[in-house]
Amino acid sequence: MADDGPSARVNFRSALRAAFRAALESLAADGGVAIAAHEMPGLLEQVRETADAKFGDYSGTMAMALAKRAGKKPRDVAVEIIRRLEAAPGYGTLFQPPGDPVGPGFINVRVQDSALAAAVGRAVADERLGVALVVKPRTVVVDFSSPNVAKPMHVGHIRSTVIGDAIARILRFRGHHVITDNHLGDWGTQFGMILWGWKHCRDDAAFAADPTAELGRLYRLVRKVADAKPEELAADPAAGALAAQHPAAGSEVLAETAKLHEGDPENRALWERFMPVCRGEIDRIYRRLHVTFDHTLGESFFQPLLAATVDDLVAKGLARESRGAIGIFLGGEDDPPLLIRKADGAFLYATTDLATIQWRLEHWKPDRMLYVVDHRQSQHFEQVFEAARRWGVDGVADVDLVHVAFGTVLGEDGKPFKTRAGDTVGLEALLDEGVDRAAAVVGTDDEGRAGMTAEDRRHVAETVGIGAIKYADLSQNRTTDYVFSFDKMLQLTGNTAAYMQYAVARVEGIFTKGAVDRGQLRRDCRGVLVSDPKERALALELLRFGEALEDVEADSRPNVLTAWLYDLAGCYSTFYDALPVLKAEGADRDSRLAVCDLTGRVLRRGLELLGIGTVEKM
RNA sequence: GCGCCCGUAGCUCAGGUGGAUAGAGCAUGGGAUUUCUAAUCCCAGGGUCGCUGGUUCGAGUCCAGCCGGGCGUACCA
């Protein structure tokens, strides 16, 4: 496929912003209005797509904001900008002359049809579908998923895993150097629980038969015993009896954890024995989700660094002893410190997080580190980031540390998602149910799907079911809590995975039915026709792929991409409903086939960047 | 008590660091079909953007104060 480099790829919004930059700099140089260099990015962000096509394709609103300080009328400032905009390098080849300002001072711009048609033609011939690479690639660490391996993965892990994977894929496609790391919880108190359980109430036969299940049972049992909540113990006779026998179980669990941390041979050996079991369990789920990591450096990996971390923080006067523990006092004396060593000598996750930051800075030299973690830990990350900056390890002053927070998964009753019995929902059972329900929705036999084998149907159900779970999560603003509903996510209409996947399958159907050589089509495409408004709207939307990805990156919000894909699918449906493709003739047919080809590829790539698969037929 | 997040249509949700008449889907009502995969498309009704003030050419968006909900708040992660 042709790849003529960035110059062949046009991002109309970026191009227009560059023209506005030239216009505004010229205006400032002429004394029209004072603009400080640091204000320019904010002003250029006011160049964006219009809310309504009747205003053109893009608009700039900065004239109104600048008018006051210039002591002029907004429209007069807009006229000054427009005059310079038209003279900006490259403007005229891409955009029509803006004409007069509209309303209080809107500058509305429309893309030249010729430029639009040619850009679509180049995108059709481009493996990157017309999406330019970032000018300044950054090294970005994405830290996500991070389950506690001693307990089975549950619904609470889905968001971090799915959102983190999507962000990593998108940043990588944009051209950044992305390093994904699964920071496993493999060294904390939950292992103390399993160790305690192993020593007091293990079932050897059960462990031999199904190690994962037995470790899971031990975790759930000991957690109840250690927490010693009367209502939980009353509801679970086995836990209740055990708690009665071991009133000090809670502190004994902590002691087991501390022994592990201190290098106790027995606990260490048990840990070595349990880890492969735990890893096998989570790896199976990652395979099913098609999620991979560049690194899986869990808490245990950083364990050898922790003592030195605490010593260094103490030596630098940042941390000190308090009530037997060691903490970093970031606020006043009354504010709770960030504890990095407990009174019993054990380290905490703050300790590991600080050591991890230092290690990553030294070995990976990232420009940015994204932590895709539950919003409930926002305070923890604020403290850890602040502590890391004060610690002043090499590179920390130049790295962006970002907590990419997300809300809780709720059931349809609005409460945290639990089974009827009140247990957390296992992730694997959740995926199974999604696939089963998808099979019921898509698996019925009818004419359009004749010729699909049982194997095909299973594959479609798996793709649609897993896709539905992922898409439902990704399409929602990550900061809010989200209500988990199989019925909603598996709808075939609206902004769902199934609708998007169906849109892809419809495009595939055209090429299958028409026996079109798509390779030939792409090579021969010299541009497309945009004379029909529906055709033009689709063409313009296709070329906004790069803008959508840019906006995802700005705030780590994958729902920006799902929303755009849904809009694109809507533009396509409208186009396809109104205009014949295979039945068209000559240049119309070639042009529309090219647009269909590009639409299918963009939709598929967009879903792929969300970690969602597609099928040829459904 | 303090801190963070949230409150938008009957329901579930979108609404870049302020922009044009607040948008989708579901549900409700109406229309399009000798189907290029109708799992689609088009149209309609439906809103005090929690409340009250403030900032300004302009506020769902920013500020202050209330009301309501969630989460966190010293040795779990």
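Each chain gets a letter, A, B and so on, in the order its sequence line appears, and its residues count up from 1. We use all heavy atoms of the structure for the numbers below, so side chains are in, but hydrogens, waters and symmetry mates are not.
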Would A:F106 count as stacked on B:A20 if the rule is ring centres under 5.5 Å and plane angle under 30°?
-> yes

Report which part of the nucleic acid A:N559 touches: base, sugar-phosphate, or nothing (heavy-atom distance under 4.0 Å, all strands).
-> sugar-phosphate

Which part of the nucleic acid, if any, lies within reach of A:S485 when heavy atoms closer than 4.0 Å are counted: base, sugar-phosphate only, or nothing?
-> nothing

Under 4.0 angstrom, heavy atoms only, what part of the nucleic acid is A:I326 near: base, sugar-phosphate, or nothing?
-> nothing

Take A:Y58 and A:F12 through the test ring pair (Phe, Tyr, Trp, His ring centres under 6.0 Å) and record every step on the way to the result.
-> CA-CA 9 Å; A:Y58 294 91; A:F12 286 115; 7.1 Å; no

What integer distance in Å separates A:F347:CZ from B:A77:C1'?
-> 17 Å

Mind calculating the distance between CG (A:L260) and P (B:C76) to the nearest angstrom?
-> 15 Å

Report yes if a donor N or O on one partner sits less than 3.5 Å from an acceptor N or O on the other, where the partners are the side chain of A:Y349 and the base of B:A77; otherwise report no.
-> yes

Phosphate contact (B:U37 OP1 or OP2) by A:K617 side-chain N/O below 4.0 Å = no

Just call it for A:P336: base, sugar-phosphate, or nothing, with non-hydrogen atoms closer than 4.0 Å on any strand.
-> sugar-phosphate

Does B:C71 have OP1 or OP2 sitting under 4.0 Å from an N or O in the side chain of A:S378?
-> no

Base, sugar-phosphate, or nothing for A:Q476, non-hydrogen atoms under 4.0 angstrom?
-> sugar-phosphate

Expressed in angstrom and rounded to an integer, what is the separation of A:Q46 atom CD from B:U61 atom P?
-> 17 Å

Using the criterion of both pairing distances under 3.5 Å for Watson-Crick and G-U wobble pairs, give all stems of 3 or more consecutive pairs involving RNA chain B.
-> B:1-5 with B:69-73, B:10-13 with B:23-26, B:28-32 with B:40-44, B:50-54 with B:62-66

Check every strand shown and say whether A:L579 touches a base, only sugar-phosphate, or nothing at a heavy-atom separation below 4.0 Å.
-> base

Protein N or O to nucleotides 23-26 of chain B N or O, pairs below 3.5 Å:
{"residue": "B:C26", "atom": "OP1", "partner": "A:T493", "partner atom": "OG1", "Å": "2.8"}

